[in-house]
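Notes to accompany the following structure.
All of these numbers come straight from a predicted model, not from anything done at the bench. Note that these values count all heavy atoms, side chains included, but never hydrogens, waters or copies made by symmetry.
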Amino acid sequence: QVQLVESGGGLMQAGGSLRLSCAASGRTFSRDAMGWFRQAPGKEREFVAAISWGGYAAYADSVKGRFTISRDNAKNTIDLQMNSLKPEDTAVYYCAAAGRRGTAVAAVFRNRNEYDYWGQGTQVTVSS
């Protein structure tokens with residue numbers, strides 16, 4: 001069974017930091033592009049950050065310069081370091097894996113329909 005499990009969410013004041021982690025099991029994701037998405041109440045699930053299997057990263061404009069995505073293939077995990085948090089960052093954050101697509105070393109994906117595996121989500125709440 002393939003599982004992605006997020007952790008590290010919680011409550012944080014504006015300006016603070018949180019680090020989200022995503023632990024994968026049942027599959028090795030070393031050749032998979034992976035990403036983070038988030039969904040606020042009443043809104044579509046939106047792209048946050050993505051990382052290619054070779055470690056190249058892409059970010060949504062709303063988080064660029066504040067968030068950093070990383071991966072550790074030895075641990076089969078990806079992280080999202082979130083700094084300078086804003087109330088607008090409040091959402092459920094989801095980890096996702098694209099699956100084996102034969103992608104290039106720098107290939108990243110921004111659309112949720114490009115991902116095959118999803119975690120259950122972790123709540124991030126940023127207070128003013």
Side-chain angles (χ1 to χ4, degrees):
Q1 313 93 303
V2 175
Q3 286 188 299
L4 301 176
V5 180
E6 302 94 337
S7 63
L11 300 172
M12 181 57 63
Q13 294 180 332
S17 297
L18 286 172
R19 188 176 185 90
L20 305 183
S21 294
C22 173
S25 62
R27 176 186 171 91
T28 298
F29 291 93
S30 60
R31 289 292 297 269
D32 285 34
M34 301 187 71
W36 289 93
F37 289 74
R38 67 187 182 187
Q39 187 167 19
K43 295 187 177 181
E44 292 278 328
R45 190 171 300 186
E46 67 176 0
F47 169 75
V48 176
I51 187 165
S52 75
W53 67 261
Y56 293 84
Y59 300 92
D61 288 343
S62 59
V63 307
K64 189 174 180 62
R66 300 188 297 121
F67 291 9
T68 302
I69 188 171
S70 61
R71 67 189 300 157
D72 186 337
N73 288 339
K75 297 180 180 179
N76 215 25
T77 61
I78 65 166
D79 287 359
L80 184 69
Q81 178 66 45
M82 305 186 295
N83 298 329
S84 301
L85 283 164
K86 304 175 180 180
E88 305 93 275
D89 296 320
T90 296
V92 176
Y93 283 70
Y94 297 89
C95 172
R100 301 296 179 92
R101 297 174 179 268
T103 55
V105 65
V108 294
F109 304 104
R110 298 173 181 267
N111 300 128
R112 61 183 183 179
N113 61 8
E114 296 177 299
Y115 291 85
D116 295 328
Y117 306 103
W118 294 86
Q120 83 290 341
T122 186
Q123 176 70 231
V124 171
T125 302
V126 183
S127 61
S128 300

If you round to the nearest 0.5 Å, how far is [atom2] of [Y] from [atom1] of [X]?
X	Y	atom1	atom2	answer
I69	I78	CD1	CD1	4.5 Å
M34	W53	CE	CH2	15.0 Å
Q120	L4	CD	CG	9.0 Å
Q123	L11	CD	CG	8.5 Å
N111	R45	CG	CZ	13.5 Å
T122	L80	OG1	CG	11.0 Å

Flag, side chain of [X] to backbone of [Y], donor-acceptor distance under 3.5 Å:
X	Y	value
T125	T90	no
S52	V105	yes
N83	S17	no

Minimum heavy-atom distance [X]-[Y], with the two atoms named:
X	Y	result
A91	A40	CB-N, 3.9 Å
A96	Y115	CB-CD2, 3.5 Å
D32	A97	OD2-CB, 4.3 Å
A107	A33	O-CB, 3.8 Å
R110	A58	NH2-CB, 3.6 Å

Non-hydrogen side-chain atoms of [X] and [Y] separated by less than 4.5 Å:
X	Y	result
Y117	R27	yes
W36	C95	yes
Y59	R66	no
R38	S62	yes
M82	L20	yes

- Message: Angle between ring planes, Y93 versus F67, binned at 30° and 60°: parallel, tilted or perpendicular?
- Response: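 Geometry flag for F67 against Y93: tilted rings.
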- salt bridge (charged side-chain N to carboxylate O under 4.0 Å, His left out) partners for D79, two or more places apart: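 For D79, the residues satisfying salt bridge (charged side-chain N to carboxylate O under 4.0 Å, His left out) (neighbours in sequence not counted) are R19.
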- Does I51 share a hydrophobic cluster with F29, counting links as ILVMFWY side-chain heavy atoms below 4.5 Å and allowing steps through other members?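 Hydrophobic grouping puts I51 with F29.
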- Task: Tell me whether W118 is reachable from V108 by hopping between hydrophobic residues (I, L, V, M, F, W, Y) whose side-chain heavy atoms are closer than 4.5 Å.
- Result: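 Different hydrophobic clusters.
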- Message: Within the supplied structure, the quantity of interest is the number of heavy atoms (other residues, nucleotides, ligands) at a distance under 6.0 Å from E46 CD; does it exceed 12?
- Response: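 Check passes, neighbour count above 12.
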- Query: Restricting to pairs with a member in residues 52-62, which pass salt bridge (Lys or Arg N to Asp or Glu O under 4.0 Å), not counting sequence neighbours?
  - Reply: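 Counting only pairs at least two positions apart or across chains, no salt bridge (Lys or Arg N to Asp or Glu O under 4.0 Å) contact touches residues 52-62.
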